[in-house]
Amino acid sequence: MRRLNAVEYDNTLRELLGITSRPSTALPPDALGTVFFNDAAALAPLTPEHIEKLFSVSETAVREALERNRAGIVTCDPAGANRTACTREILTRIVGRAYRRPAEPTQIDRLLELSQQGADFDEGLRLALRAVIGSPSFLYRTVAASGSTESALDPFELASQLSYFLWSTSPDASLYAQASSGQLTQERVLRLEVARMLKDPRGRALVDHFAVQWLGLDRLASFTPDAAAFPDFSDALRSDMLTETDRLFRDILDQDRAAMTVLSADYTFVNERLARHYGISGVTGPDFRRVPLAGLPRKGLLTHASILATTSHPDGTSIPRRGTWVRTNLLCQPPPPPPKDVPATPVPPGFQGTRRQLVEMHRADPACAGCHSLIDPLGFGLENYDLVGRYRLEEQGAAIDNEGMLPDGRRFRGALELVALLESDVQYRRCVASKVLTYALGREVTDADACTIDQVAKAVGAGSWSDVITAVALSSPFRMQAQGGQR
Amino acid sequence: MRRFRLSRRALLRGSGAALSLPLLEPMMAAGPARAQAAAPVRYAALQFPCGTTGTWQPSGTELSWQLSPVLRPLEPVKADLSVLVGINARIDSNHPGHATAFLSDASIPGGGAPFRAAVTTDQVIAAGIGEATRIRNLVITPPGNGQTEEGQSGVYGSNMSWVSASTPAARATDPRAMFDSLFAGTPVTPGPAAPPATAERWARDRSVLDYIRWDAGRLNGRLGAGDKAIVDQFLTGVREVEKKIASPPSGAPPAMGPSCAPGQAPASGLSFVDDTRAKLDLLALAFQCDVTRVATYLLDFEYSQRNMNFLPGVSGVHHSISHWRDGSGRLGPMLDRINVFYTEQLAYLLAKLKAMPEAGATVLGNSMILWGSSFNDGHGHTINNIPLVLAGAGGGTLRPGRLVRPSSSSLKALHLTMIRKMKVVASSFSGGSATIENL
């Protein structure tokens, strides 16, 4: 049983009622999971304050729906004696879509009874709709209890699983129809639905939510470099940095490119301001456009300013932080936690060297070397990019030493060689696979998911983005109910 | 003004405290013997992240003492507060859990959902004083979420108030929305405005809730045990909403204090400094207007990654600076400056409450306000002798103006003592039953 998080709540109301406001802005913020928003919001029980707010929000949402989208909701003539019949018709349709499974007759009877308390048709319908979107059958995605063994999701449960994974909203009419006919559980039909849904604009929810949270890009919002380190920073530049990464993911999704393109794209998207920041010439105006990276020291995600800034300190790069980022997000091998009393960057009085020299001094202390030998060598390889992602060959007048090392001992020089090594690294593929699976399931993956991760990792290495998503959607953890009923 | 009373039912909700029901003095009918109850007593707790350089402790004796440099902004209200020296926390946790555990002194094992925390002091007190005010418990934090550290979810670092071991309290993060729920009765939502309340409308609201409850009961029959617990908690929440609308309002906002003037609503999307100031204003106003009697304010998320360069002489993010023993000597003064900033926030709130006259005293005199951090030395993550200031006279239950070495060194004992001084009956809290006798 999983609660709709704030984004899913807004999207589902839009899908169901055609409203365009975002009612969740009036709700308390969702709890955050360890990686993805969707795991924690789903499992944390609602507080009375939250329920009270949901109750008051439902009133404005329903009111807006009947004003903005009356034609889409009131599909019959409610005049005079026809009021009850028309209300019943509307409710039968909407309750099924709201609860993501066909309405039961007792539900419709109770709601009709409620609607009769309204002074007129409109008020009656508003009361019934408030009850629908305030009830747990709407607010939670439920899976029927099945005893102690694993069992397959029923077609309606599977349709919800799929639509919240790909779209962060409820099934549309077409997906719902496939569930109603029972055909969705057939592999062929499921594949076709995944392909259709990824082509739909709603498929961008994967970029907006999966990609941003996987990469930790929400942290960029709080990154502001010190003026002494980079005086030209602005909200506009920060926003451009995010747009670049967003555009790359959208391009890969829209064009259904190889999943490895995330890492190895030899093109990117810039506007004039970001192009200037990167030292790319010939781009004018505020609009983003695709530019080739051939001959430039950039390739794929790892050289995006968004990532490089997110992993920096306000006064300069952070080699340990970048190394930790690569290990955690691209290799799924997070380093052990630092001891509690370790300073972030010990800077001896009067020190004038490079960050690398500073970090290497720190590693000379045997107490620090254990962990830092795991993370720093990856960060060394990215030192050609300063705290805001600009390319540089020198720091403090000294040449940058960009030699780095992967956890398995392979050595490389600079980001481009690191990307080449990651491209052939099975651990990278398994890591991406497990991130997608975690997001799809809304729970952390376990050893029991290892076979599924291997399957999906093959698609990451050799397939397109839609192959990866399809592999997850066809996997048994995705199509089965977890033991004990709590997902 | 309504007299302060407890219901048995409200008390039973305080699951973090072991309660002994026969002793409920405040549940008895209002009588002339308790003159102090003329004005309500309020409880607030404020927490700042990442600890200090360990130099926050004042010098001197109980009655003749001097504020330390980081506490110096409190000079104008020194007579209205006591500094507590020698209280030890027992928290075993990474950074995020230190926000969660300040008001329970529990250890937080880490991980993500389902969460494992502990019920906090403010929740026990709020449950104890129940329906006296429109909002039972005001829980304030900055906008957004704190960050995950080493697999310990950012949820812990974002929440200092926990309704149950697995449920963080609903947070108020936006000053504008906070103003509206405190003073307008209904939250601001996008779209057309709701019509004014009438008796018929409240009756219809109840019918809507009837259906919601029926649907939850129907669902419950088909779910496994873990899911049933979630639906049960949902039903508890629905009953609370029902109780709130059980009596149709007469038109005037409920339970406003006599000298209450909410004034202009603040804006949203303010800078951190302005956002903090706006929320402190609202907290003071909520106490003055008697809209709530219990509040917590997590001044910033634990494991704060905020760039503190808006303070003179400070550059860098708070958490990095808090590991200040880096050999350079640069970071200690910066951490002190950050702590001065958080002391200034307390000083601002106290001055504001002190300027609000009430029943022959002030709102500050009728409040007890705990301020501190669950770390002493932020560099070493030490939890002995954590920085704590206890302000206000608690309606005559506290003796401010002193440097206090509490009779028990346990943080749990401090919390249990404050619970009791708020007239909520509890025999133990968070597994401890000791109290402090010399507050």
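Worth saying up front: this structure is predicted, and the values here are computed from it rather than measured. Residue numbers begin at 1 in each chain, while the letters A, B, ... track the order of the sequences. Note that these values count all heavy atoms, side chains included, but never hydrogens, waters or copies made by symmetry.
Under the 4.0 Å criterion applied to side-chain N and carboxylate O atoms, B/R204 and A/E123 are assigned as salt-bridge partners. Salt bridge annotation for A/E104-B/R222: present, with a cationic side-chain nitrogen under 4.0 angstrom from a carboxylate oxygen.
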Exercise for the section: Please assess B/S320 against A/H313 for the test side-chain contact (heavy atoms from CB on, under 4.5 Å), listing each intermediate value before the final yes or no. Expected result: CA-CA 9 Å; B/S320 301; A/H313 290 307; 3.9 Å; yes
(Q) Does A/D226 form a side-chain contact (heavy atoms from CB on, under 4.5 Å) with B/N307? I'd like the steps, not just the answer. (A) CA-CA 9 Å; A/D226 292 341; B/N307 190 343; 3.4 Å; yes
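Proximity to chain A (any heavy atom under 4.5 Å) is shown, for B/R213, by neither the backbone nor the side chain. Both the backbone and the side chain of B/S315 come within contact range of chain A, judged by heavy atoms closer than 4.5 Å. For A/R126, no part lies near chain B; criterion is any non-hydrogen pair under 4.5 Å. Only the backbone of B/A169 comes within contact range of chain A, with at least one heavy atom under 4.5 Å from a heavy atom of that chain.
You'll find the side chain of B/Y211 stays beyond 4.5 Å of the side chain of A/R130, heavy atoms only. Counting only heavy atoms from C-beta outward, the side chains of B/D227 and A/Y140 never approach each other to under 4.5 Å. Within the 4.5 Å cutoff, the side chain of A/F55 has no heavy atoms near those of the B/E242 side chain. Residues B/R171 and A/P28 have side chains not in contact (no heavy-atom distance under 4.5 Å, counting atoms from C-beta outward). At least one side-chain heavy atom of A/K53 sits under 4.5 Å from a side-chain heavy atom of B/S181. Side-chain atoms of A/T106 and B/W214, non-hydrogen and from C-beta on, do get closer than 4.5 Å to each other.
Note that CZ of B/F234 is 7.0 Å distant from OG of A/S135, once rounded to the nearest 0.5 Å. With rounding to the nearest 0.5 Å, the separation of CG in A/L46 from OG1 in B/T236 is 11.5 Å. Here CD1 of B/I230 is found 12.5 Å from CG of A/L139. Values are rounded to the nearest 0.5 Å. Here the CD atom belonging to B/E240 is positioned 7.5 Å from the CD atom belonging to A/E49, to the nearest 0.5 angstrom.
Per-residue counts of heavy-atom pairs under 4.5 Å with chain A were compared for B/D210, B/V238, B/V317, B/D205; the largest is that of B/D205. Of the residues considered (A/T328, A/L114, A/T224), A/L114 shows the highest number of contacts with chain B, using heavy-atom pairs under 4.5 Å. Counting heavy-atom pairs closer than 4.5 Å to chain B, the top residue among A/S58, A/A131, A/P136, A/P334 is A/P136. Put simply, of B/L209, B/V231, B/V139, the one with the most heavy-atom pairs under 4.5 Å next to chain A is B/L209.
A donor and an acceptor atom, one from each side chain of B/Q305 and A/R219, are nowhere located under 3.5 Å apart. Of the N and O atoms on the side chains of A/S137 and B/D215, at least one donor lies less than 3.5 Å from an acceptor on the other residue.
For A/F233, the ring pair (Phe, Tyr, Trp, His ring centres under 6.0 Å) partners two or more places apart in sequence, or in a different chain, are A/F223. In this structure, A/C371 has no disulfide bond (SG atoms under 2.5 Å apart) partners at least two apart in sequence or on a different chain.
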